[in-house]
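All values below were derived from every heavy atom in this structure, side-chain atoms included, with hydrogens, water molecules and symmetry-related copies excluded.
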Amino acid sequence: MSLARNTLVQSTLTLGSRLLGFGRDLALSANFGQGALMDVWSTALMLPNMFRRLFAEGAFAQAFVPVYGGVKTREGDAAAAVTASEAMSFMFAVVAAFCILLQVAMPWIVPLLLSAWKDDAEVMRVAVIATQLAMPYLACMTIASLLSGVLNTGGRFALSAAVPVFLNLCTLAPLISGFVLTVSPEAVLLATSAAVTVSGVIQAGLLWWGVRRLGVKLKLGLPRLTPNVKRALALAVPGAMAGGAMQVNSVVSQVLAGSDAGARSVLYNADRLYQLPLGLVGVAIGLALVPRLTRAFVSGDHEGGQKTLDDGINLAMAFTLPAAVALFVIPFFIIDATVTRGAFTSADAARTADVLRQFAWGVPAFVLAKVLTPPFFAREDTRRPMYFAVAAVIITVILGSGLFFWFRAQGWDGVLGLAIATSVSAWINVGLLAGVLIRENSWRPSPAFISRIARVLAASAVMAGLLLLAGINYELLSQVLLAKEIAVLAVCGLGAGVYGACLLAFRAVTLSELKATLRREPGGSAVSGLD
């Protein structure tokens, strides 16, 4: 399948999952507002969710695919299946033991992560139990991440993109029940946390079925540190750390925010919005790029690798820049129109919007990092991206801590400083990745590439002007269109239409190119139920 088709499959299914996730977040905000229980929920989900993003949403799959694909090419399907089985058994055993250790230590860990509420014994009790209930999700996603890598290597992207929907379906059930039944908010929270683990079991089971249907027979056995496992881990661990730099930065921000009541909830809501372009675009393109760049590297097709990377970055920015512009220009419009209801007030929306704006200008960097790491992974070079990721984390910790406490000393919201530091470190990470690729002549931005990016920026600027005008007239639009929900849909739809028209008018993309990118490549396999 073409790069655009693979990306479209991933993005479309991810969008469905994110829409359900948005519904879940509305239910969470309506149930818990932006107080203690919402802080507890974001804490309970933070650790397993970080590893879900780190592994299941691309970083581990990007590092594992070259290893698995290389063994498959050199030694055949049977040897590749043995390698995958050995890696899965070893990783599952290690992560399962780690999960158990964390669950035992949770009474000491939670007060550190949720220090604003450490003197409230009831909040601490609920937080410890909720986090313990959600933690086994991490072990389930360890298996799911490897199975996703096997499917992606076989050219099957849809199932791995579709299964995360079960996280939202499972967690929505107890939240909706909380409105229907007479149940305490604490009970709803604990049931929702348990549903996270249930969804992990379902996701791993479906991916296992998908791999079996693909004809790959994996076995989960006793862990052994075989030569194949050592090689896979040597690449996968640094690769996962590199791909998950933003997630580590997010955790650092969450820990710092734990000292400020309500700050964890602000970060959770802002995170859900600015992560949307990353999940829809960055991860999807990153996963689609790895097999292509691996083939180009193995065959010595330098020109093909350059073109693939040019196309990937152009495609990523064409979808990411308008999203970043919208989050920067009208964050309050978006949050107040969609989230404000029940226990979540307009004041909560205003605080979240201020933080979201500081994340928004970092969104292109978050996505670019996902697109610029595959060239390293394709050459089995995962150490340098890891070094850059560690540098980004250090910058986030130092700058974020300084800004957080300085902002608070000035009477401002300290969370703003965390958002600024996260965006700054993301751009530094991108600069390091791009600098190495350009210096080593692995990627040279062509004049056509630069011209197209400039046209995408021009189209985004036109859309920004329209959104700014709409944001200024938010209340009037809400009255004229009868509801703020209708107003935000209308404005976003109009903005997308204007942006698309400008892309065509500025010739950033042509209709013939759109048709060509969506056609199946010659020799592509037929679409199956797993495509």
Side-chain angles (χ1 to χ4, degrees), residues 20-21 23-25 27-33 35-56 92 94-118 120-145 163-179 181 183-206 247 250-251 254-255 258 264-265 267-268 271-272:
L20 277 173
R24 182 195 68 187
D25 291 340
L28 283 167
S29 296
N31 271 288
F32 309 134
L37 290 183
M38 191 64 181
D39 282 0
V40 168
W41 161 257
S42 60
T43 301
L45 196 62
M46 181 182 67
L47 288 177
N49 204 36
M50 179 190 73
F51 280 91
R52 174 182 69 84
R53 290 170 177 166
L54 191 62
F55 293 147
F92 177 72
V94 171
V95 175
F98 181 61
C99 284
I100 294 171
L101 178 63
L102 283 180
Q103 287 177 301
V104 172
M106 208 57 69
W108 294 274
I109 294 174
V110 167
L112 298 176
L113 298 176
L114 206 58
S115 57
W117 305 99
K118 64 181 180 181
D120 192 319
E122 180 62 17
V123 170
M124 285 293 102
R125 182 188 70 83
V126 174
V128 168
I129 297 174
T131 309
Q132 289 172 330
L133 288 172
M135 191 53 61
Y137 182 67
L138 191 161
C140 296
M141 300 317 293
T142 299
I143 295 180
S145 64
V163 291
V165 73
F166 287 96
L167 173 64
N168 299 319
L169 288 174
C170 291
T171 51
L172 260 174
L175 289 170
I176 294 174
S177 299
F179 291 115
L181 305 175
V183 184
S184 69
E186 291 80 6
V188 173
L189 176 61
L190 294 178
T192 307
S193 300
V196 172
T197 294
V198 172
S199 76
V201 174
I202 295 173
Q203 291 179 62
L206 285 172
Q247 309 310 327
S250 178
V251 171
Q254 295 274 4
V255 172
R264 183 69 58 77
S265 303
L267 281 177
Y268 176 85
D271 177 88
R272 292 293 294 173

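Partners of Ala173 by side chain to side chain contact (heavy atoms under 4.5 Å, CB included), not counting sequence neighbours: none found.
Rounding to the nearest 0.5 Å gives a distance of 8.0 Å between CG of Leu28 and CG of Leu172. Rounded to the nearest 0.5 angstrom, Phe98 CZ and Thr142 OG1 are separated by 10.5 Å. Taking NZ from Lys118 and CG from Leu113, the interatomic distance works out to 12.5 Å, rounded to the nearest 0.5 Å. For the atom pair CD of Gln132 and CD1 of Ile109, the computed distance is 9.5 Å after rounding to the nearest 0.5 Å. In this structure, CD on Glu122 lies 6.0 Å from CD on Glu186, to the nearest 0.5 angstrom. For the atom pair CD (Gln103) and CD1 (Ile129), the distance works out to 12.5 Å, reported to the nearest 0.5 Å.
Looking only at side-chain heavy atoms (C-beta outward), Met124 and Pro111 come within less than 4.5 Å of each other. In this structure, the side chains of Val95 and Cys99 come closer than 4.5 Å at one or more pairs of heavy atoms.
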Show me the side-chain donor-acceptor pairs of residues 195-202 shorter than 3.5 Å, one per line, residues at least two apart or across chains.
residue, atom, partner, partner atom, Å
Thr197, OG1, Leu133, O, 2.6
Ser199, OG, Val196, O, 2.6

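Partner of Val40 under the side chain to side chain contact (heavy atoms under 4.5 Å, CB included) criterion, out of Thr131, Val110, Leu45, Leu114: Leu114 alone.
Of all non-hydrogen atoms in Leu102 and Met135, the two that sit nearest each other are CD1-SD, 3.9 Å. Across every non-hydrogen atom of Val123 and Ala36, the tightest pair is CG2-CB, 4.0 Å. When all heavy atoms of Pro174 and Cys170 are compared, the pair lying nearest together is CD-O, 3.0 Å. Taking every heavy atom of both residues into account, Leu37 and Pro185 meet most closely at CD1-CB, 3.5 Å. When every heavy atom of Pro48 is checked against every heavy atom of Tyr137, the shortest pair comes out as CB-CD2, 4.0 Å.
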Side chain to side chain contact (heavy atoms under 4.5 Å, CB included) between Leu167 and Arg24, worked out: CA-CA 10 Å; Leu167 173 64; Arg24 182 195 68 187; 3.8 Å; yes
